Amino acid sequence: MIFHTIRKRNPLIHCITNYVVANFQANGLLAIGASPVMADDSHEVEEMVAIASGLLINIGTLNNQMKESMLLAGKKANALGIPIVLDPVAAGATTYRKQTVQQLLKEIKFAAIRCNIGELAAIANVDWQQKGVDSGTGSISLEVEAKQIAQLYNCIVIVTGEKDFITDGEHQQWITGGNSQMTEVTGTGCLLSAICCAAYSAGNEPYNQLVDALSLYKKVAEQASSSTDYIGDFQITVLNELHRLSKDGEK
C-alpha cells in the first residue's frame, strides 16, 4: 500500500502552496509519514527543492513573488529530475491565474496535474464558468480533454470530484467512493495534491502509486464521515484516518 511505502521512505515534500491550506497540508503529509517544508521565498526555494523528493506547486493564493519562486523552484527541480505536481487552483477564475498556469506549463515539466473539472477546462481552453475556487459549470468531455492534456504535457492528469479520473495519456481509470463532506471544509483537495506528490516520489510505478493514493483517499473520506457527525471535527478525523491507514492498513 502506497501510504506504507511513504511512511517507510519519509520523503521530503517541498510545498509552494497557499496560506489557506498550508497547515492542513503539512499535518496531512506528516500523518502519512512524509516530511513537509513550506519554503516559498525566491532566495531559498532552489536550495530547498534540491534536497527534496518532490515539489508541489499550488496557486491558491497566487501573487507575483510566489510566482517567481514557483518558476525558480520548478526549473531547479526539472534540472535535478525531481518530480513536480501542479495544483492549478481556480485556474479559470481570473485572467492572471490562467496566464500564470499557461506560463508554468510552458516553462516547467510537470510529472502530474491534480485539478477539478473547472481547472481542467481552463487548461484545455474550453468555455467554462468557474465559481471562485469551486469547479463551476459548463460542458466538457472530461475523459477526452484530460487524455489530451496528459499527452500534450507528457504527464499524469488527475481530475477529482464525486468520482476521480486519472490518465497518463494511454491508460485511464475512474475511482469511485468518498463522501461529499470533503467539499464542506477547505483544503481537502489541496492536501490530496500534496499526498499525490509524496506518492509519485515514493516508487518506480507512479501511475499505479497515484491510483492507490486516490483510492485510499476515498476510503479516508468514507471512514471520516462515518466517524463524526460534526463538520468542525471532520478535518481532524481525516488526519486521524490518514495516520491510521498509513500505519495499520485498511480495516
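The shown structure was predicted, so the numbers you read here are calculated from the model rather than taken from an experiment.
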Would Val85 and Leu55 satisfy side-chain contact (heavy atoms from CB on, under 4.5 Å), going step by step from the backbone distance to the final call?
CA-CA 6 Å; Val85 173; Leu55 171 65; over 6 Å; no
Less than 4.5 Å apart, any side-chain heavy atom of His243 and any of Ile32?
no
Full working for side-chain contact (heavy atoms from CB on, under 4.5 Å) between Glu145 and Val159
CA-CA 10 Å; Glu145 296 295 346; Val159 187; over 6 Å; no
Would you say that Asp87 contacts Ile59 through its side chain, given a criterion of any heavy-atom pair below 4.5 Å between the two side chains?
no
Do Leu12 and Leu191 belong together in a cluster built from hydrophobic side chains that touch within less than 4.5 Å?
no
Could you tell me if the side chain of Gln172 sits less than 4.5 Å from the side chain of Ile166, heavy atoms only?
no
From Leu104 atom CG to Ile84 atom CD1, the distance as rounded to the nearest 0.5 Å:
9.5 Å
Has Thr61 got a side-chain atom pairing as donor or acceptor with Tyr19's backbone, closer than 3.5 angstrom?
yes
Which heavy atom in Pro206 sits nearest to a heavy atom in Tyr200, and how many Å separate them?
CB-CE1, 3.3 Å
Contact check, side chains of Asn58 and Cys15, non-hydrogen atoms, under 4.5 Å
no
Would you kindly say whether Asp212 and Asn208 are connected by a side-chain donor-acceptor distance under 3.5 Å?
no
Within the side chain of Glu107, is there an N or O that forms a donor-acceptor pair under 3.5 Å with the backbone of Leu71?
no
Run the side chain to side chain donor-acceptor pair (under 3.5 Å) check on Asp168 and His171 step by step: do they pass?
CA-CA 6 Å; Asp168 60 3; His171 308 94; 3.0 Å; yes
Is there a donor in the side chain of Gln99 and an acceptor in the side chain of Gln103, or the other way round, less than 3.5 Å apart?
no
Do you reckon Met48 sits in the same ILVMFWY cluster as Leu80, going by side-chain contacts under 4.5 Å, direct or chained?
no
Reference residue Leu105; test side chain to side chain contact (heavy atoms under 4.5 Å, CB included); the match among Ile123, Ile149, Thr100:
Ile123
Would you compute the distance between atom CZ of Phe24 and atom CD of Gln235 and round it to the nearest 0.5 angstrom?
4.5 Å
Using only atom types and a distance under 3.5 Å, with no angle test, would you say the side chain of Glu46 pairs donor to acceptor with the backbone of Ala73?
no
Would Gln181 and Ser225 count as having a side-chain donor-acceptor pair, cut-off 3.5 Å?
no
Check Thr5 against Ala202 and note the closest heavy-atom contact, atom names and distance.
CG2-O, 3.3 Å
Does any part of the side chain of Ile158, heavy atoms only, come nearer than 4.5 Å to the side chain of Ile156, both counted from C-beta?
yes
Using a strict cut-off of less than 4.0 Å between a Lys/Arg side-chain nitrogen and an Asp/Glu carboxylate oxygen, indicate whether Arg244 and Glu241 qualify as a salt bridge.
yes
Tell me if the NZ atom of Lys76 is crowded by more than 12 foreign heavy atoms within 6.0 Å.
no
To the nearest 0.5 Å, tell me how far Ser53 OG sits from His14 NE2.
12.5 Å
When rounded to the nearest 0.5 angstrom, what distance separates NZ in Lys109 from CG in Leu86?
11.5 Å
Lys218: partners by salt bridge (charged side-chain N to carboxylate O under 4.0 Å, His left out), with sequence neighbours left out
Asp164
Let me see the working for Thr167 and Glu143 under side-chain contact (heavy atoms from CB on, under 4.5 Å), right down to the final yes or no.
CA-CA 8 Å; Thr167 180; Glu143 293 185 18; over 6 Å; no
Rounded to the nearest 0.5 Å, how far does CD of Gln25 lie from OG1 of Thr188?
11.0 Å
Linking I/L/V/M/F/W/Y whenever their side-chain heavy atoms sit closer than 4.5 Å, directly or via other members, would Met38 and Met66 fall into one cluster?
no
Answer whether the closest heavy-atom distance between the side chains of Leu245 and Gln223 falls below 4.5 Å.
no
Do Glu119 side-chain atoms and Cys115 backbone N/O form a donor-acceptor pair below 3.5 Å?
no
Student check: side-chain heavy atoms of Ile57 and Phe110 closer than 4.5 Å
yes
If the condition is salt bridge (charged side-chain N to carboxylate O under 4.0 Å, His left out), which residues does Asp40 pass it with, not counting sequence neighbours?
none
Under 3.5 Å, is there a donor-acceptor pair between the side chain of Arg7 and the main chain of Ile2?
no
With sequence neighbours excluded, residues passing side-chain hydrogen bond (donor to acceptor under 3.5 Å, both in side chains) with Asn125:
Lys98
With side chains defined as the heavy atoms from C-beta onward, is the minimum distance between Val37 and Ile13 less than 4.5 Å?
no
Decide yes or no on side-chain contact (heavy atoms from CB on, under 4.5 Å) for Tyr230 and Ile236, but give the supporting numbers first.
CA-CA 11 Å; Tyr230 302 105; Ile236 295 171; over 6 Å; no
Check Gly74 against Ile108 and note the closest heavy-atom contact, atom names and distance.
CA-CD1, 3.8 Å
If you apply the rule side chain to side chain donor-acceptor pair (under 3.5 Å), what do you find for Tyr96 with Asn63, and how did you get there?
CA-CA 9 Å; Tyr96 176 55; Asn63 58 59; over 6 Å; no
Report the distance from atom SG of Cys197 to atom CD1 of Ile82, rounding to the nearest 0.5 Å.
10.0 Å
Counting distance only, does the side-chain N/O of Arg114 pair as donor-acceptor with the main-chain N or O of Gly189 below 3.5 Å?
yes
